J.: 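Below are the structure tokens for one structure; questions will follow.
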Amino acid sequence: MDRSPQLTARHGIGPCPDGITHFGTGVYNPAGQAVMADPAIVAAPAIVAAPADPATTAGSLHSRAARVLEGNWTGTSTVPSRGLYPHQWSWDSAFIAIGLRHLSPLRAQTELETLLDAQWGDGRVPHIVFNPSVPLDAYFPSPDFWRSSTAGRAAGAPRTVQTSGIVQPPVHALAAWLVHRADPGLSRARGFLPRVYPRLAAWHRYLLHRRDLGGGGLASVVHPWEQGMDNSPCWDAPLARVTPAPARSFRRADLDHGAPEDRPTDLDYGRYVRLATDYRDGGYADGTGDFAVEDPAFNALLIASEHALARIAHELGAPGTARHARAERLTAALVERLWDPAEGLFFCRDVRGGGLIPERGVSGLIPLLLPALPRDVTGALVGTASGPHFGLGGPARLVPSYDLTGESFDPHRYWRGPAWFNTAWLVERGLRLHGERARADALREDFLSTADTSGFAEYVDPYTGDACGAGDFSWTAALTLDLLHEPVGQAVTPVGIGTFDMGDKGNKVDKVDMRDRGEDRG
């Protein structure tokens with residue numbers, strides 16, 4: 001990383017002599033309010049500084065979270081962790097940008113821009129952007145497995161950077177809007193939104209058209225890795241139809257960094273490899289594979305990002321009403337296709353096998369993010385989250401990834417029971433949005449204390465909070481920062497309201513010449 005020694009000495013990690021917190025694009029007071037701009041810092045997006053009072057518990061946690069993000073920064077993006085995940089991951093970068101906006105809005109913008117620079121011609125945003133300096137055997141599947149520039153040529157894969165060929169949940173427009181709101185002046189000066197908007201619109205078009213495999217308006221995932229909750233029991237039934245790749249045909253690099261009993265089984269991993277191989281060998285064409293699932297979290301994040309994209313369009317001087325209307329239609333489709341009123345939860349739909357998959361995963365709670373969700377649905381979701389299946393406010397830390405009472409529950413195995421910080425953040429945002437402040441405050445407190453004691457773990461035992469997976473995990477640190485900047489006891493902050501509110505509040509700027517003039521038809 002090329003950093004000026006003068007800037008590092010002045011703005012590097014450590015107490016600030018003037019008692020003011022110095023972040024990446026200006027000077028802020030301890031409440032996070034900008035009090036002046038520093039043009040020198042604008043040129044150094046990698047610089048992060050400690051809070052003004054690191055001796056306090058919150059200040060120490062803030063400082064340590066900032067250090068995690070600084071340590072995982074590569075110069076253009078942030079790796080999830082230095083060992084197990086040495087490249088750039090799609091939805092990780094969105095969550096990381098949401099936290100980075102409190103430290104360096106410039107670096108947060110760079111995070112998203114780097115990811116979107118690897119977008120394919122058909123609009124998909126790949127789930128991994130590979131760092132060419134990392135050895136091929138450091139992670140599997142590696143670039144030579146995906147063969148994006150050759151196998152993905154018909155889909156418009158970039159030639160100058162290697163990526164995977166699958167996607168991850170579309171949190172990116174939501175992240176872009178929040179990053180813009182963190183420093184609108186910087187964003188406008190750099191033309192951040194005009195540059196990312198057409199790419200985000202193309203990303204949404206890809207999901208809404210190429211991935212509507214069930215014909216009901218919702219996007220389908222074609223691989224468990226796309227949904228982000230890789231090893232969830234929700235995938236067991238549709239995966240059972242997939243013939244696994246031979247164990248000798250691949251080497252699992254993940255077992256070099258974690259206990260086998262905490263990771264997916266070899267049988268499941270063989271099925272993951274088979275699905276990815278078939279998708280690659282079919283030129284990454286959608287709609288032909290054996291696995292197609294409509295997932296509630298994936299679609300809820302698409303809907304939340306569609307609302308955010310409407311806000312971005314409005315900021316750029318274009319109407320956002322059609323996008324808000326589309327988000328409402330998608331919300332209605334989500335309820336129609338995935339909601340089970342008897343169970344009080346959203347379930348995955350197996351497009352190939354037909355019908356809902358009767359497994360309770362945390363994915364079914366994520367639609368709490370949506371502002372237009374019917375009141376009876378939100379009430380039932382809160383009841384389910386607080387009941388025996390997820391134990392929110394009771395025996396469980398954060399929110400377990402899978403039903404505490406389910407036959408497949410395992411407190412340590414990847415996505416089959418452990419609690420994850422990004423899903424806890426999403427549930428906390430949803431609770432707060434719908435006026436459940438006491439529950440949101442309690443979840444926020446559990447989140448911050450568990451992030452602290454676990455060393456910013458990748459995930460934790462849902463009962464004990466003991467660390468599992470990788471340590472110094474980037475999205476854990478980033479979302480810790482986001483909650484530290486949220487005053488306890490409040491409703492969703494103005495930034496949050498700007499994302500999820502149905503209205504078109506906020507200031508307009510002059511209309512720009514956007515490449516995607518059909519932004520509301522996307």
Side-chain angles (χ1 to χ4, degrees), residues 84-85 89-91 126-128 139-148 151 164-169 211 213-214 219-295 297-298 347-363 401-402 406-410 412-418 459 469:
L84 180 55
Y85 305 106
W89 261 259
S90 172
W91 77 325
H127 98 296
I128 301 175
Y139 184 82
F140 179 84
S142 53
D144 58 344
F145 171 87
W146 294 105
R147 305 171 197 165
S148 60
S164 66
I166 60 175
V167 303
Q168 274 190 326
R211 288 300 189 89
L213 304 182
S220 292
V221 296
V222 299
H223 195 291
W225 289 340
E226 291 198 314
Q227 194 268 356
M229 304 176 193
D230 309 4
N231 197 37
S232 170
C234 298
W235 314 129
D236 289 353
L239 274 178
R241 298 192 298 268
V242 178
T243 301
R248 64 182 180 277
S249 66
F250 60 92
R251 177 188 173 275
R252 293 182 59 179
D254 64 314
L255 298 182
D256 295 339
H257 302 276
E261 60 270 20
D262 293 348
R263 305 293 298 174
T265 65
D266 286 343
L267 177 61
D268 284 335
Y269 214 91
R271 287 169 169 151
Y272 302 154
V273 172
R274 170 68 69 188
L275 281 173
T277 301
D278 290 348
Y279 193 40
R280 177 199 68 198
D281 293 348
Y284 296 110
D286 294 311
T288 61
D290 294 331
F291 185 97
V293 174
E294 293 173 354
D295 173 76
F298 192 99
F347 289 90
C348 296
R349 177 175 292 276
D350 185 353
V351 173
R352 296 286 180 253
L356 298 179
I357 301 170
E359 297 286 359
R360 298 181 183 90
V362 68
S363 172
S401 53
Y402 178 67
E407 291 184 7
S408 299
F409 173 77
D410 186 324
H412 290 165
R413 195 178 287 277
Y414 210 63
W415 289 108
R416 300 180 83 85
Y459 55 99

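Being a predicted model, the structure only gives us computed values, none of them experimental. All residue numbers in this chain count up from 1 along the given sequence.
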J.: Go through it in stages, so that I can follow the logic: the residues are Y402 and N231, the test is side chain to side chain donor-acceptor pair (under 3.5 Å), and I'd like the CA-CA distance, side-chain angles, deciding distance and then a yes or no.
T.: CA-CA 10 Å; Y402 178 67; N231 197 37; over 6 Å; no

J.: Can you classify the ring geometry of Y269 versus F140 as parallel (below 30°), tilted (30 to 60°) or perpendicular (above 60°)?
T.: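 Ring orientation of Y269 relative to F140: tilted.
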
J.: Just how far is it from atom CD1 of I357 to atom CG of D236, taken to the nearest 0.5 Å?
T.: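 So the CD1 of I357 and the CG of D236 are separated by 9.0 Å.
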
J.: If you look at every heavy atom in E226 and P169, which pair is closest and at what distance?
T.: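 Looking at all heavy atoms of both residues, the shortest contact is O-CD, 3.0 Å.
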
J.: Rounded to the nearest 0.5 Å, how far apart are CH2 of W146 and NE2 of H127?
T.: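 The NE2 atom of H127 is 5.5 Å from CH2 of W146, to the nearest 0.5 Å.
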
J.: Does any N or O in the side chain of W235 come within less than 3.5 Å of the main-chain N or O of M229, such that one atom is a donor and the other an acceptor?
T.: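 Judged by distance alone, yes, a pair lies under 3.5 Å.
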
J.: Hey, does the side chain of R280 reach the backbone of F145 with a donor-acceptor pair shorter than 3.5 angstrom?
T.: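 Yes.
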
J.: What is the minimum heavy-atom distance between S220 and G214, and which atoms define it?
T.: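 Looks like OG-N, 4.2 Å.
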
J.: Are the side chain of Y272 and the backbone of D230 linked by a donor-acceptor contact shorter than 3.5 Å?
T.: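 Yes, because the side chain of Y272 sits within donor-acceptor range (under 3.5 Å) of the backbone of D230.
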
J.: Within the distance-only criterion (no hydrogens, no angle test), does the side chain of S363 pair as donor or acceptor with the backbone N or O of A297 below 3.5 angstrom?
T.: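 Present.
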
J.: Angle between ring planes, W89 versus Y139, binned at 30° and 60°: parallel, tilted or perpendicular?
T.: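 Geometry flag for Y139 against W89: perpendicular rings.
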
J.: Apply side-chain contact (heavy atoms from CB on, under 4.5 Å) to L275 and I166, showing your working.
T.: CA-CA 11 Å; L275 281 173; I166 60 175; over 6 Å; no

J.: I'd like to know if R271 and D290 make a salt bridge, using a cut-off of under 4.0 Å between side-chain N and carboxylate O.
T.: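 No salt bridge links R271 with D290.
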
J.: Is R416 reaching over with its side chain to a backbone N or O of D410, donor-acceptor style, under 3.5 angstrom?
T.: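 Absent.
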
J.: Between the side chains of R241 and D350, is the shortest nitrogen-to-carboxylate-oxygen separation below 4.0 Å, so that they form an ion pair?
T.: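 A salt bridge is present here (some side-chain N lies under 4.0 Å from a carboxylate O).
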
